[in-house]
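First the structure, in the form of structure tokens, and then the observations on it.
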Amino acid sequence: MAPGQAHELPLAPDMLDSLPAIPLWVVADKGYASDAFRERIWDMGARPAIPAKRRDGPVACPKWAYRCRHLVENLWARLKEWRAVATRYEKTATSFLAVIHIAAAADWIKP
């Protein structure tokens, strides 16, 4: 986990290396739209489902993969309704992960 003021993209390749198996798709938002990161995903044998930034040309992505990416974005939007998640209020990564677990469980049981 990166500090609150830093971007996670520099940490993303290490995260890909720590996956237990090679995924079929890597789904991410526009913040991860970089040619180097997409190339890294292709090199590991997966396919990126990362939309292009406005200044870049369009990137081919199946509609079903984009819909799945949208579901993940909606989940993060709901989790960020919790102030502690949105502001990364917790000081340690363990505490922050615990708050995310609580928020996700509350979202899951919410009618």
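Note that the coordinates shown come from a computational prediction; the quantities given were computed from them, not determined experimentally.
A distance of 11.0 Å separates CG of Asn74 from CG of Leu79, quoted to the nearest 0.5 Å. Annotation: the span from Arg40 atom CZ to Asp17 atom CG amounts to 4.0 Å, rounded to 0.5 Å. In this structure, the separation between CD on Glu39 and CG on Asp35 is 8.5 Å, given to the nearest 0.5 Å. The distance from the CD1 atom of Ile100 to the CD atom of Glu90 is 10.0 Å, given to the nearest 0.5 Å. Remark: Trp76 CH2 to Glu81 CD distance equals 13.5 Å, nearest 0.5 Å. Rounding to the nearest 0.5 angstrom, the gap separating the NE2 atom in His70 from the NZ atom in Lys63 is 13.5 Å.
The aromatic rings of Trp25 and Trp64 stand perpendicular to each other, their planes meeting at an angle above 60°, with 30° marking the opposite boundary.
Residue Leu24 qualifies as open at atom CG: its count of foreign heavy atoms under 6.0 Å is 12 or below. Atom CG of Asp43 is surrounded by more than 12 heavy atoms from other residues, nucleotides or ligands within 6.0 Å.
The shortest non-hydrogen separation linking Ile22 to Ala46 is CG2-N, 4.3 Å. Nearest heavy-atom pair, Arg38 versus Pro51, reported as atom, atom and distance to 0.1 Å: NH2-O, 3.3 Å. Here the shortest heavy-atom pairing between Phe37 and Leu16 reads CE1-CD1, 3.6 Å.
Residue Trp108 belongs to a hydrophobic cluster whose other members are Ile109, with links defined by side-chain heavy atoms closer than 4.5 Å.
Residues Tyr32 and Trp42 do not share a hydrophobic cluster, defined by chaining ILVMFWY side chains whose heavy atoms lie under 4.5 Å apart. Criterion: ILVMFWY side-chain heavy atoms under 4.5 Å apart, direct or through other members. Under it, Leu75 and Ile102 are part of a common hydrophobic cluster.
Side-chain N or O atoms of Thr87 include one that pairs as donor or acceptor with a backbone N or O of Arg83 at under 3.5 Å. Of the possible donor and acceptor atoms, none in the side chain of Arg47 sits under 3.5 Å from a partner among the backbone N and O of Ile41.
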